[in-house]
Amino acid sequence: MGSPKEIIFSFLYKTWFVRHHVSSTITRHTLLIRQPPSSVVFHSHLGRWRLEDHPKRMAYEARNLGIIGDRQSGQDVRTQNVVACQAVSNIVKSSLGPVGLDKMLVDDIGDVTITNDGATILKMLEVEHPAAKVLVELAEIQDREVGDGTTSVVIIAAELLKRANDLVKNKIHPTSIISGYRLAMREACRYVEEKLAMQVDKLRKESLINCAKTSMSSKLISGDSDFFANLVVDAVQAIKSTNSRGEVKYPIKSINILKAHGRSAKDSYLLKGYALNTGRAAQGMPLRVAPAKIACLDFNLQKTKMQMGVQILVTNPRELEKIRQREADVTKERIEKVLKAGANVILTTKGIDDMSLKYFVEAGAIAVRRVRKEDLRHVAKATGATLISTFADMEGEETFDPSFLGYADEVVEECIANDDVILLKGTKNTSAVSLILRGANDYMLDEMDRALHDALCIVKRTLESNMVVAGGGAVEAALSVYLEYLATTFGSREQLAIAEFAESFMIIPKVLSVNAAKDSTELVAKLRAYHHTAQMKADKQHLSNMGLDLSKGCVCNNLEAGVIEPAMSKVKIIQFATEAAITILRIDDMIKIAKDEVMSDRLEET
Ligand SMILES: Nc1ncnc2c1ncn2[C@@H]1O[C@H](COP(=O)(O)OP(=O)(O)OP(=O)(O)O)[C@@H](O)[C@H]1O
Ligand SMILES: [Mg+2]
């Protein structure tokens, strides 16, 4: 059997192969990571690759506790957890950095995703091991909080764990390691913020563009990174807003990304206004209304039907006609209330029937049906509208208050890439923009979307924190040298943990250079030497920005080369990776309750 990494890839390939060549009936596959050395066990519901010969688990039933299940404790569980995290890290390792490769993931219904984004890869893998799950969840938090750096978090956390496990094997108590790691984390964050971070001039667009370029350098669109970086920076600057407390905010969610097939990636463009991917509900409606008063509804504007189960006995056929009339009138009254309040643009997440459309056409209003709820929420936020799910008020009457309406300077229908879209321009609360992406196929468009999302988040963070650090392993090497020195100043047990913490960071420059097919040993040694000089000699401080140039395979000043990242992103990477490692390291007992059928079998045995 090969290494865990090989197994994982052979598994992904097998899944793909079987789906395309053998059978299309696989339901769901899961990744089970268990006991070393044959530590990775895959199974599908077909049972094709179930490895029956893995070593017998050292678990025993926790009968003493009155629980039917498996229990593992001490070194066993620690090693098992570390191996699981290592396996997850090995999956994403080869996608780190500007020359990292992509992964092809096939899900249970055969949908293919091609991506380089760590967060997406981890989301698509159905990791079953509890410790590996912790790691995946922490990477997700990084994705939510910062938007970029998920791959780095996983790789650093797995390395921290591996080294901690070695220390435990050498009889250092996990508590000492944990306190050493915590101390080192605090020192590392402080060092990044105080010594390595550099203030950038807010108005200098160049530094923002460089941050965006570094973020997308590892993605599919790296070839056109100049073009896309400009697009991203323009988009983020366009949505700048100040809230009531005077804080400047960049709400990334007001940037709507629309994907349109055809043309090439470079034909993508930025559009002022929030674009909805649907057209007007009827041709008779105007193409443009200005100024627009927008009603955001979350219910049907169709002929109301009697509730299920309601029985009405009618003796006179005329009464029946009245019921029908009333059913139609209920919707008509609702529409009239909305129009009376002054609305001339009506957006609903549900349907509008032909009869109702007539009223909107007559009133010269634009009505749009089947708008995505998420879109509507963003529109409501941007225009100051209230998303209404019912007209009922406290008295049981149906009313529509004009204050529920949102405002935009203009709402127009435009044709973009042969599709009709509704554009809301000059929104009241926050300005909104849309990025129209063009690309050959869905895979490409989706990956472009993910790459742009990372870059948008990074630009936002740079604008908010205004501090940047050099990328390409510069921060990691500086921290490694600094913490190693710091470790020697401690005369306690924590010294060893801090030294290992320092060493763990070197995994990033190592993986970056291995992925770029360069000599990692030599490059990393050079890098450390530069940083050692920078920290030892006061007149050589500029060397602290030395990082890897992966195209030439040498060490260069990455701040000058424009490979920069927001300092906040690095600090979060350090914090989340340490948190993940500590959470997993603290576990020394794992009790797994047996599944129902296993439990009944065992009860019968006893
Ligand atoms: N031009 C470059 N030269 C050298 N290193 C670079 C360059 N561009 C990016 N890097 C480095 O690559 C790393 C980021 O790689 P990548 O974007 O693949 O992973 P991530 O940001 O950790 O995760 P993800 O983007 O998947 O969420 C950072 O350490 C960064 O410093
Ligand atoms: Mg990235």
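One-based numbering, in listed order, for ligands and for the atoms of each. Predicted, not measured: the structure shown is a model, and the values here were computed from it. The chain is numbered in sequence order, starting from 1.
Counting only heavy atoms of the protein, atom 17 (O) of ligand 1 lies nearest to Ser218 OG, 2.9 Å. Annotation: atom 1 (N) of ligand 1 to nearest protein heavy atom, Val563 CG2, 3.7 Å. In terms of protein heavy atoms, atom 10 (N) of ligand 1 is closest to Pro98 CD, 3.6 Å. The protein heavy-atom contact nearest to atom 23 (O) of ligand 1 is Thr151 OG1, 2.9 Å. Distance from atom 20 (P) of ligand 1 to its nearest protein heavy atom, with residue and atom name: Gly149 CA, 3.5 Å. Summary of contacts: the protein heavy atom closest to atom 27 (O) of ligand 1 is Thr150 OG1, 2.5 Å.
Counting heavy atoms from C-beta outward, Gln237 and Val459 have side chains that stay 4.5 Å or more apart. Cys457 has its side chain within reach of His453: a pair of non-hydrogen atoms, C-beta onward, lies under 4.5 Å apart.
Proximity of Lys219 to ligand 1 is established by a heavy-atom distance of less than 4.0 Å. Remark: distances from the non-hydrogen atoms of Lys570 to ligand 1 include one below 4.0 Å. For the ligand labelled ligand 1, residue Ser95 lies inside the 4.0 Å heavy-atom shell. Heavy atoms of Gly97 come nearer than 4.0 angstrom to ligand 1 in at least one pair.
Taking a cut-off of under 4.0 Å to the non-hydrogen atoms of Leu512, the atoms of ligand 1 that pass are 12 (O). Near Asp117, meaning under 4.0 Å from one of its heavy atoms, ligand 1 places the atoms 24 (P), 26 (O), 27 (O). Close approach of ligand 1 to Asn116 is summarised as follows: ligand atoms under 4.0 Å from at least one heavy atom of the residue are 18 (O), 26 (O).
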Candidate pair Glu565 and Thr214, rule side chain to side chain donor-acceptor pair (under 3.5 Å), full reasoning: CA-CA 7 Å; Glu565 292 166 280; Thr214 309; over 6 Å; no
Intermediate values then yes/no, side chain to side chain contact (heavy atoms under 4.5 Å, CB included), Leu101 and Asn515: CA-CA 8 Å; Leu101 301 177; Asn515 285 352; over 6 Å; no
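Screening Arg528, Glu503, His531 for a side-chain hydrogen bond (donor to acceptor under 3.5 Å, both in side chains) with Ser480, the sole residue that qualifies is Arg528. Screening Lys195, Gln535, Glu187 for a side-chain hydrogen bond (donor to acceptor under 3.5 Å, both in side chains) involving Tyr482 leaves a single residue, Glu187. Here the rule is side-chain contact (heavy atoms from CB on, under 4.5 Å) with Leu463, and of Leu208, Val200, Val248 only Leu208 fits it.
We find the NZ-CG distance between Lys510 and Leu96 to be 14.0 Å, quoted to the nearest 0.5 Å.
On a distance-only criterion, Ser217 and ligand 1 share at least one N/O pair closer than 3.5 Å. The shortest N or O to N or O distance between Gly471 and ligand 1 is not below 3.5 Å. Of the polar atoms of Leu96, none of the N or O atoms is found under 3.5 Å from an N or O of ligand 1, judged by distance alone. Residue-to-ligand polar distances place Ser152 within reach of ligand 1: an N/O pair is separated by less than 3.5 Å. Residue contacts with ligand 1: Asp148 is placed with a nitrogen or oxygen under 3.5 Å of a nitrogen or oxygen of the ligand (distance criterion only).
With a 4.0 Å cut-off on non-hydrogen atoms, Glu565 touches ligand 1 through its side chain and not its backbone. Here Asp454 has side-chain heavy atoms under 4.0 Å from ligand 1, and that is the only part of it that gets that close.
Aromatic ring pairs are classed by plane angle as parallel below 30°, tilted from 30° to 60° and perpendicular above 60°; the pair Tyr274 and His378 is perpendicular.
With a 6.0 Å radius and a threshold of 12 heavy atoms from other residues, nucleotides or ligands, Lys259 has its NZ atom above the threshold. Shown here is Arg586, whose CZ atom has no more than 12 heavy atoms of other residues, nucleotides or ligands within 6.0 Å. Counting heavy-atom neighbours within 6.0 Å of Lys381 NZ, excluding the residue itself, gives a total of 12 or less. Within a 6.0 Å sphere centred on OH of Tyr530, heavy atoms belonging to other residues, nucleotides or ligands number 12 at most.
Closest N/O/S atom of Asp148 to the Mg ion (ligand 2): OD1.
Asn558 and Asn545 share no donor-acceptor pair across their side chains, judged by distance under 3.5 Å alone.
When the options Ile156, Leu548, Thr214 are ranked by their closest heavy atom to atom 3 (N) of ligand 1, first place goes to Leu548. By heavy-atom distance, the residue among Gly472, Ala474, Gly473 lying nearest atom 11 (C) of ligand 1 is Gly472.
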